[in-house]
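The next block holds one structure in the form of structure tokens; read it before the comments.
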Amino acid sequence: MKTEIQKKHLLITRWNHWVNFPVIAIMVWSGFLIYWAYPAYFIPGSWLDRLGMGYQLARGMSWHFAFGILFVINGVLYVSYSIYSGHWRYRTYHQPQRIAYHLVITLAAVAVLSGFAIYKPIQLKELTFILGGYQWARLIHFVIAVIFVLFFIVHVVQVIRAGWNNFRAMVTGWEQVNRKDDE
């Protein structure tokens with residue numbers, strides 16, 4: 001067996017993954033702060049109260065918007081590069097992986113649009129209307145957040161199953177490939 005090192009992931013792909021992980025985690029956390037700020041949902045003495053997550057609307061919105069801007073910038077850069085360079089055509093993922101990654105990008109766009117619709121429902125009434133009104137836009141936004149969390153869990157499990165070489169490739173961009181000697 002001969003071991004070779006070959007390029008696997010572009011810097012933009014690695015950058016996108018490693019930026020999105022903390023950004024989405026903070027957005028889910030700040031989304032909880034926003035959601036649980038509504039007094040009808042808050043139960044004094046609950047686990048939310050002990051974690052300091054109740055009645056934190058302003059704090060939650062500040063974090064959510066700050067990291068939402070990073071999420072949008074990161075996504076636009078990645079999608080723009082993918083389209084401009086054509087690198088999305090040359091990826092060697094299996095069909096389920098391609099579907100999952102395209103779905104995540106689509107869901108990210110819908111999450112951003114639904115976020116705008118629930119943040120400014122009057123100013124963006126056409127967008128809010130297209131999404132089915134304020135309550136539907138809010139539900140869509142929440143469901144996509146749950147899907148992102150589930151996708152993350154499945155993604156990490158798949159990376160663990162694929163092994164250290166796969167993880168290292170997402171960090172360094174290179175992977176080890178074992179080839180049979182032609183002797």
Side-chain angles (χ1 to χ4, degrees), residues 9-42 48 53-91 93 95-156 158-159 170:
H9 297 294
L10 298 172
L11 178 61
I12 185 94
T13 303
R14 298 187 330 263
W15 172 266
N16 181 260
H17 272 75
W18 295 114
V19 168
N20 273 344
F21 170 70
V23 165
I24 291 173
I26 289 170
M27 289 188 67
V28 168
W29 166 75
S30 61
F32 272 116
L33 292 181
I34 294 166
Y35 185 79
W36 293 113
Y38 186 62
Y41 299 142
F42 188 71
L48 292 169
M53 291 182 70
Y55 301 111
Q56 301 261 345
L57 181 63
R59 182 180 182 201
M61 289 178 73
S62 297
W63 281 95
H64 208 69
F65 294 131
F67 280 81
I69 291 167
L70 293 175
F71 182 70
V72 169
I73 291 169
N74 197 37
V76 167
L77 288 174
Y78 181 74
V79 170
S80 297
Y81 176 80
S82 295
I83 292 169
Y84 176 75
S85 70
H87 107 270
W88 58 274
R89 283 183 251 149
Y90 307 114
R91 287 183 285 189
Y93 299 131
Q95 193 62 24
Q97 288 174 306
R98 286 177 187 240
I99 291 168
Y101 293 142
H102 285 94
L103 181 63
V104 164
I105 290 170
T106 302
L107 287 175
V110 175
V112 169
L113 292 174
S114 63
F116 282 132
I118 60 179
Y119 176 59
K120 296 287 187 183
I122 303 301
Q123 294 86 341
L124 299 171
K125 60 183 175 263
E126 292 84 6
L127 176 60
T128 306
F129 175 78
I130 289 168
L131 293 171
Y134 179 82
Q135 291 301 334
W136 276 103
R138 191 167 177 249
L139 179 64
I140 290 166
H141 199 71
F142 183 78
V143 168
I144 291 173
V146 170
I147 291 170
F148 277 164
V149 170
L150 294 174
F151 176 82
F152 172 76
I153 292 167
V154 170
H155 192 65
V156 169
Q158 293 290 58
V159 169
M170 189 51 75

TODO: Look at atom CZ of F116 and say whether more than 12 heavy atoms of other residues, nucleotides or ligands are closer to it than 6.0 Å.
DONE: no

Open item on the list: Among residues at least two apart in sequence or on other chains, which ones pass side chain to side chain donor-acceptor pair (under 3.5 Å) with R59?
Closed with: Q56

TODO: Taking side-chain contact (heavy atoms from CB on, under 4.5 Å) as the test, write out the residues that go with Q95, two or more places apart.
DONE: R98, I99

Task: Residue pairs passing the ring pair (Phe, Tyr, Trp, His ring centres under 6.0 Å) test where at least one lies in residues 56-75, sequence neighbours excluded - done: W29-W63, W63-F67, F65-Y119

Task: Residue pair H9 / T13: nearest heavy atoms and the distance that separates them - done: ND1-CG2, 4.3 Å

- [ ] Would you check, one step at a time, whether the test side-chain contact (heavy atoms from CB on, under 4.5 Å) holds for V143 with I147?
- [x] CA-CA 6 Å; V143 168; I147 291 170; 3.9 Å; yes

- [ ] Before giving the answer on side-chain contact (heavy atoms from CB on, under 4.5 Å), spell out for I34 and L57 the whole-Å C-alpha distance, their side-chain angles and the decisive distance to 0.1 Å.
- [x] CA-CA 5 Å; I34 294 166; L57 181 63; 3.9 Å; yes

Task: For W15, ring-ring contact (aromatic ring centres under 6.0 Å, His included) partners two or more places apart - done: none

Run the side-chain donor-acceptor check on residues 130-142: report pairs under 3.5 Å with partners two or more places apart or on a different chain.
| from | atom 1 | to | atom 2 | distance (Å) |
| --- | --- | --- | --- | --- |
| H141 | ND1 | A111 | O | 3.0 |
| H141 | ND1 | S114 | OG | 2.9 |
| H141 | ND1 | G115 | N | 3.3 |

Open item on the list: Taking the side chain as everything from C-beta on, heavy atoms only, tell me whether L33 gets closer than 4.5 Å to M61.
Closed with: no

Task: Residue F151 excluded, over 12 heavy atoms near CZ under 6.0 Å - done: yes

Open item on the list: Holding to side-chain contact (heavy atoms from CB on, under 4.5 Å), I want the full list of residues that pass it with Y81, two or more places apart in sequence or in another chain.
Closed with: L10, I12, S85, H87

Open item on the list: Under the rule for side chain to side chain donor-acceptor pair (under 3.5 Å), what residues qualify as partners of Q123, not counting sequence neighbours?
Closed with: none

TODO: To the nearest 0.5 angstrom, please state how far the CD1 atom of I118 sits from the CG atom of L113.
DONE: 11.5 Å

- [ ] Can you sort out the partners of I73 under side-chain contact (heavy atoms from CB on, under 4.5 Å), two or more places apart, ordered by chain and number?
- [x] I69, L77

TODO: For atom CG of L150, decide whether the heavy atoms of other residues, nucleotides or ligands shown that lie under 6.0 angstrom number more than 12.
DONE: yes

Open item on the list: Under the rule for ring-ring contact (aromatic ring centres under 6.0 Å, His included), what residues qualify as partners of F148, not counting sequence neighbours?
Closed with: none

Open item on the list: Once rounded to the nearest 0.5 Å, what's the spacing between atom CZ of F32 and atom OG of S30?
Closed with: 10.5 Å

TODO: Mind checking side-chain contact (heavy atoms from CB on, under 4.5 Å) for V156 and listing every partner two or more places apart, or none if nothing turns up?
DONE: F152, I160

Open item on the list: Could you check whether any side-chain heavy atom of N74 comes within less than 4.5 Å of a side-chain heavy atom of V23, counting everything from C-beta outward?
Closed with: no

